[in-house]
2 protein chains.
Amino acid sequence: MNIKQELTTVIKKAGLRMTPQRMAIYQLLADSHTHPSAQMIYQSLQAEFPSLSLTTVYNTLETLVELGLVNELGAVGPDGVRYDADTQPHVNLACLNCHKVIDLPSIYVSELNQEVAQNSGYQVRGSRVLYYGICPDCQEKGYV
Amino acid sequence: MNIKQELTTVIKKAGLRMTPQRMAIYQLLADSHTHPSAQMIYQSLQAEFPSLSLTTVYNTLETLVELGLVNELGAVGPDGVRYDADTQPHVNLACLNCHKVIDLPSIYVSELNQEVAQNSGYQVRGSRVLYYGICPDCQEKGYV
DNA sequence: ATTACTGCAAAAGATTTGCACTAGG
DNA sequence: CCTAGTGCAAATCTTTTGCAGTAAT
């Protein structure tokens, strides 16, 4: 299913309204692999969408997280909370030095997801499976 | 090994100094299962340690995370960043409604840890394996 | 005796709030 | 037409920073 249809379906099902802002923000998140913060999203959309406000970015991210379309990774370094539209089971890795966040495929996360969903009693909405440390590049540069 | 000795050993090995503040903060974290924020730690230690400052709590938490003694779970609800002194492999579960954070033992997290340590190329310092959703209590109260 | 650590006050920044206006259905 | 959603300005609150005094080794 394509991104636009998916968002529209979920939004409607929840009794919410489809707006150009929501579409642009979700599209950007789905296309990007940089795990952006609200600020980064806001800046990336400035050119294409000059009237967009930071408030709307925050509102929309909150909505998307509640709908389970986006995972909230928490803050990484000084850049604020990062978001990830890839809700497929995978691991995120953050560098404590350069604050880059990357994806790592994992054969165990799927099992972990199932384990949590079944054993916790929680109605799970999303997850933060994020490891932090020093990335290979920064290790080479002497940040150990 | 007991908590005090463990902290002293790691602190010394890193060339840092042992202080009553660091001991009190680490002790509190190790004893508590509430995954407190800096503010919560500060308030909890007020009675026992009136001269303690919030700045020192932040400094100490940063140090403990760098030493690998404490995991930073990221922000949960409006209470700021939460910390966990249990670095044994386990899963944290946060409620989107009441913001309680609990531990969930898991048979898969250990394998996940090893997988990440071995395949990522990162020098791993800590992790955030945190799922969020609605806890059983809040589900009963109608927050679905 | 050195210098890392603490604690205060002020600053910085991310996120939230209140409210009038706009636009989706 | 109705009300959810947007955008602006201001407020809030966590976290950071600079610096002088204190204490660990």
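Letters go in sequence order (proteins before strands), and every chain restarts at 1.
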Which pair of non-hydrogen atoms, one from [X] and one from [Y], has the smallest distance, and what is that distance?
X         : Y         : result
Tyr108(B) : Glu115(A) : CD1-OE1, 3.3 Å
Cys95(A)  : Cys135(A) : SG-N, 3.5 Å
Ile134(B) : Gln139(B) : O-NE2, 2.9 Å

Is any side-chain N or O of Gln39(B) closer than 4.0 Å to OP1 or OP2 of dT14(D)?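 For dT14(D), OP1 or OP2 has a side-chain N or O of Gln39(B) closer than 4.0 Å.
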Let me spell it out: for each of Pro20(B) and Asp79(B), pick the nucleotide of DNA chain D with the closest heavy atom. Which residue's pick is nearer the 5' end?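 Comparing both residues, the 5'-ward one is Asp79(B).
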Using the closest heavy atom to pick a nucleotide of DNA chain D for each, name whichever of Ser51(A) or Leu54(B) lands nearer the 5' end.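 Residue closer to the 5' terminus by nearest nucleotide: Ser51(A).
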Looking across every strand, which nucleic acid part, if any, lies under 4.0 Å from Ser37(A) by heavy atom: base, sugar-phosphate, or nothing?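 Answer is nothing: Ser37(A) stays at 4.0 Å or more from every strand.
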Heavy atoms under 4.0 Å, any strand shown: does Thr19(B) hit a base, just sugar-phosphate, or nothing?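 Sugar-phosphate only.
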Is the closest basic N to carboxylate O distance between Asp84(A) and Arg128(A) below 4.0 Å?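 No, no charged N to carboxylate O under 4.0 Å.
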Let me know the distance between [atom1] of [X] and [atom2] of [N], rounded to the nearest Å.
X        : N       : atom1 : atom2 : result
Gln21(B) : dC8(C)  : CD    : P     : 11 Å
Leu64(A) : dG5(D)  : CG    : P     : 12 Å
Arg22(B) : dA4(C)  : CZ    : P     : 11 Å
Glu72(B) : dT14(D) : CD    : C1'   : 13 Å

Is the base of dC8(C) touched by the side chain of Ser53(B) through a donor-acceptor pair closer than 3.5 angstrom?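 There is none.
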So which nucleotide from dT15(C), dT16(D), dG7(D) ends up closest to the side chain of Leu52(A)?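 Closest of the options to the side chain of Leu52(A): dG7(D).
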